[in-house]
Novice: 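Below you'll find the structure I mean.
Below, read A as the first sequence line, B as the second, and so on, with proteins coming before strands; counting in each chain starts at 1.
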Protein chains: 2
Amino acid sequence: MPNSTLEHEAFARKLAGSGLRSTPQREVVYNVLMQKRDHPTAEEVFTRVRERRPGISLATVYNCLETLAQCGLVRQVNLEREPTRYCPNLLPHAHFHDEETGAILDVDLPASLLDKLKVVLPRGYEASVIEIAFRGRARPPLSARRTVQSA
Amino acid sequence: MPNSTLEHEAFARKLAGSGLRSTPQREVVYNVLMQKRDHPTAEEVFTRVRERRPGISLATVYNCLETLAQCGLVRQVNLEREPTRYCPNLLPHAHFHDEETGAILDVDLPASLLDKLKVVLPRGYEASVIEIAFRGRARPPLSARRTVQSA
DNA sequence: GCAGCCAATTGGAATGATTCCGGATAGCAA
DNA sequence: TTGCTATCCGGAATCATTCCAATTGGCTGC
């Protein structure tokens, strides 16, 4: 099962790789992100985490998210001027931002496309990160709709 | 000469096209952006504009920038969590963000590449805007360097 | 040319996401 | 245990940006 939640062990190892500790708070924050991968904001993560760990503070949630981003377990997603969102999908992907609903969709990027992208950079410019965001409307085909149409 | 500053006339016409007026403040803000196309922040635009128009307020600069973005004369550029920057380059292009210097470089995007990008979207998703940002280091080849190397 | 009207401008206050700070805790090491 | 450092915490501070209410400016029709 790809992209499944890391075991405690693997989680701790990943953090240790950056000289960081695994803590209950960090683990809960990570699990919350993995459970509902809808690109929540820090505030949203906070309310979800509090259900499992009522004592946790917002500052800690920010710290944990920052820490997880540092060691590469999650990705920060900045769209427009909106609050930062968090994404545990580590595969190379772009984001589609639905202007109507605000929903964010991960869009897989083939390696071939990434290669073509790097080529547009002038000589001497080397990118360690490429961020791609689409903005527009989603008009899913009928076959993909789950909602019942009014008769 | 492509991309040259618009004449008052053309400037006013472009604004009028969105039902907006040309005002001295808007014109100065626009001219400042055209004169030094280094992706300044609103605050930077403010200090530059004040040299020509000491009375202008920061609120007005924000308003003007917003207005110019609305009618398509400039583009807002959001990188990471930094303050919004403004760019009068209307051709389709990406941005390269130098991690060391903070400098931002416009990178032209061939239409063919944009076509390939749109293809990665699932059926029913239509993007009106595609934003691409590279982050990394610039290591210009010697032949392109202007600074004198120490002997 | 003048009254009326709406857009634009302005300074200052408010907002809101995020960071900072100083002290309390907790887990590991000796 | 004692100490040491990383982590956590609540609250204050930051800072880009937006909001607001009041003024100004520029047309439109008379």
Novice: Of B:Ala59 and A:Arg53, whose nearest nucleotide on DNA chain D comes first from the 5' end?
Specialist: A:Arg53

Novice: Is it the case that the side chain of A:Ser22 and the backbone of A:Arg13 share a donor-acceptor pair, with hydrogens and angles ignored and the cut-off at 3.5 Å?
Specialist: no

Novice: Using atom CG of A:Leu58 as one end and atom C1' of D:dT7 as the other, report the distance to the nearest whole Å.
Specialist: 16 Å

Novice: To the nearest angstrom, how far is B:Glu82 atom CD from D:dT17 atom P?
Specialist: 11 Å

Novice: Do the ring centers of A:Phe134 and B:Tyr125 come within less than 6.0 Å of each other?
Specialist: no

Novice: What nucleic acid atoms does B:Thr67 come within less than 4.0 Å of, heavy atoms only: base, sugar-phosphate, or nothing?
Specialist: nothing

Novice: With respect to the phosphate group of C:dG27, does any side-chain polar atom (N or O) of A:Arg21 fall under 4.0 Å of OP1 or OP2?
Specialist: no

Novice: OP1, OP2 of D:dT17 versus side-chain N and O of A:Arg81: anything below 4.0 Å?
Specialist: yes

Novice: What integer distance in Å separates B:Glu80:CD from C:dT18:P?
Specialist: 13 Å

Novice: What's the separation between atom CG in B:Leu73 and atom NZ in B:Lys14, rounded to the nearest 0.5 Å?
Specialist: 6.0 Å

Novice: Find the distance A:Ile56:CD1 to D:dG11:C1' and express it as a whole number of Å.
Specialist: 17 Å

Novice: Within the structure shown, what part of the strands sits under 4.0 Å from B:Thr60 by heavy-atom distance: base, sugar-phosphate, or nothing?
Specialist: base

